[in-house]
A.B. asks: 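Quick one: the structure is below, and I'll ask about it shortly.
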Number of protein chains: 2
Amino acid sequence: MSVRIDATDRKILIELQRDASQSLDEIARQVGSSKTPVWNRIRKMREAGVIGRQTVELDAQALGFEACFFVLIRTSEHEADWQAAFLRALKERPEVQEAHRLAGDIDYILKVRVKNARAYDAFYQALISEVRVYNVTALLSMEEIKSTGALPLEA
Amino acid sequence: MSVRIDATDRKILIELQRDASQSLDEIARQVGSSKTPVWNRIRKMREAGVIGRQTVELDAQALGFEACFFVLIRTSEHEADWQAAFLRALKERPEVQEAHRLAGDIDYILKVRVKNARAYDAFYQALISEVRVYNVTALLSMEEIKSTGALPLEA
DNA sequence: ACTGAAATCTCGCGATG
DNA sequence: CATCGCGAGATTTCAGT
């Protein structure tokens, strides 16, 4: 399952993260190697799941997603079947971009991306009708200062 | 600046989000069109900034990023130069994956991805030494239930 | 594990209906 | 606006070292 990632692998990952549309030749040049070994390393990391999907970043505003909420959830229920239902609900809903189970006072945090406040309310009503939650706080984003999925890899 | 995005454009974006490594022919087939028009639409959306960078999703765990914090920040300072310094600090630090300015009680939320709790503390100390903040709450993620940058585009 | 090169496929664009 | 086709260049495979 696990793979040894060496310095060259890390350089390749940095380049792929920066721009996955680069050609193998370009990447090879940047990491100081040549095409074939780079290709083999990429293939191995893909197989190992270190490298996942290849996607494009889209401009949320331009596509009409004007509202972004962070939702802090407290629940009194901690039984296995409640949790399973909750997780299923989160995974099914495409407007949930992130969901984390937390340590401490607050149990879950979600990042929810919707077209507008009404769409958020619809999401919220649907969620609380599916699963019981004790307390919900929604934080409305006014400005997306920074947004990157990139990991802070160092050479 | 703004572009009209029609149903075909949206289908193209859905496919690119799903898998950006697909060939033009494949995408064309999936959206019910052919190579050239799809290519022209993609080019236009790229120029308009609707389509941004092309990246790969990496497995944070496999690369040793074991800790993820959501940081809620309250500040008493709301002057322009303080804000400028704060934003600069956030943009410079690669461990800050997301930063949003919020409406209401809490002023900012950050998502910070680091190798371990010690690395978070180093980040925290560096941040508060650069800019004055009134109150900071860190929420530690125990489990990443879901994580996608994908927008919930509908066909 | 790297190199070099061959076979195959895709891109990007122009010509054409 | 869609289809076809082509040449440059990329991807992927495979031998040799």
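Letters A, B, ... are given to chains in the order of the sequence lines, protein chains preceding strands, and every chain is numbered from 1. This is a predicted model, so every value here is computed, not measured. Excluded from the calculations below are hydrogen atoms, water molecules and symmetry mates; all remaining heavy atoms, backbone and side chain alike, are included.
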A.B. asks: With sequence neighbours left out, write down each residue that passes side-chain hydrogen bond (donor to acceptor under 3.5 Å, both in side chains) with B:Glu66, or none if nothing qualifies.
C.D. replies: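 Once residues adjacent in sequence are excluded, B:Glu66 has no partner under the side-chain hydrogen bond (donor to acceptor under 3.5 Å, both in side chains) criterion.
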
A.B. asks: Between C:dA1 atom P and A:Ile42 atom CD1, what is the distance in whole Å?
C.D. replies: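 Rounded to whole Å, this separation is 15 Å.
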
A.B. asks: Mind checking what makes side-chain hydrogen bond (donor to acceptor under 3.5 Å, both in side chains) contact with A:Thr75, not counting sequence neighbours?
C.D. replies: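 Partners of A:Thr75 under the side-chain hydrogen bond (donor to acceptor under 3.5 Å, both in side chains) test: none.
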
A.B. asks: Output the distance between atom CD1 (A:Ile27) and atom CD1 (A:Ile14), rounded to the nearest 0.5 Å.
C.D. replies: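 Rounded to the nearest 0.5 Å, the CD1-CD1 separation comes to 12.5 Å.
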
A.B. asks: Extract all donor-acceptor atom pairs below 3.5 Å that involve side chains of residues 28-40 of chain A and protein atoms in other chains or at least two apart in sequence.
C.D. replies:
from: A:Gln30; atom 1: OE1; to: A:Arg18; atom 2: NH2; distance (Å): 3.1
from: A:Asn40; atom 1: OD1; to: A:Arg43; atom 2: NH2; distance (Å): 3.3
from: A:Asn40; atom 1: ND2; to: A:Thr36; atom 2: O; distance (Å): 3.3

A.B. asks: In whole angstrom, what separates B:Lys44's NZ from C:dG12's P?
C.D. replies: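 Taking NZ of B:Lys44 and P of C:dG12, I get 16 Å after rounding.
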
A.B. asks: For nucleotides 7-10 of chain C, tabulate all protein N/O to nucleotide N/O atom pairs closer than 3.5 Å, reporting atom names and distance.
C.D. replies:
none

A.B. asks: Nearest 0.5 angstrom please: A:Asp107 CG to A:Gln83 CD, how far?
C.D. replies: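 Answer rounded to 0.5 Å: 9.5 Å.
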
A.B. asks: Between B:Phe86 and B:Tyr108, is the gap from one ring center to the other below 6.0 Å?
C.D. replies: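 Ring centroids of B:Phe86 and B:Tyr108 are less than 6.0 Å from each other.
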
A.B. asks: Give me the residues of residues 27-41 of chain A where at least one heavy atom lies under 4.0 Å from an atom of DNA chain D, by number, or none.
C.D. replies: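 DNA chain D contact set from residues 27-41 of chain A: A:Lys35, A:Thr36, A:Trp39.
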
A.B. asks: Which heavy atom in A:Ala20 sits nearest to a heavy atom in B:Val56, and how many Å separate them?
C.D. replies: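 Result for this residue pair: CB-CG1, 4.0 Å.
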
A.B. asks: Mind checking side-chain hydrogen bond (donor to acceptor under 3.5 Å, both in side chains) for B:Ser147 and listing every partner two or more places apart, or none if nothing turns up?
C.D. replies: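 side-chain hydrogen bond (donor to acceptor under 3.5 Å, both in side chains) check on B:Ser147 returns B:Glu144.
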
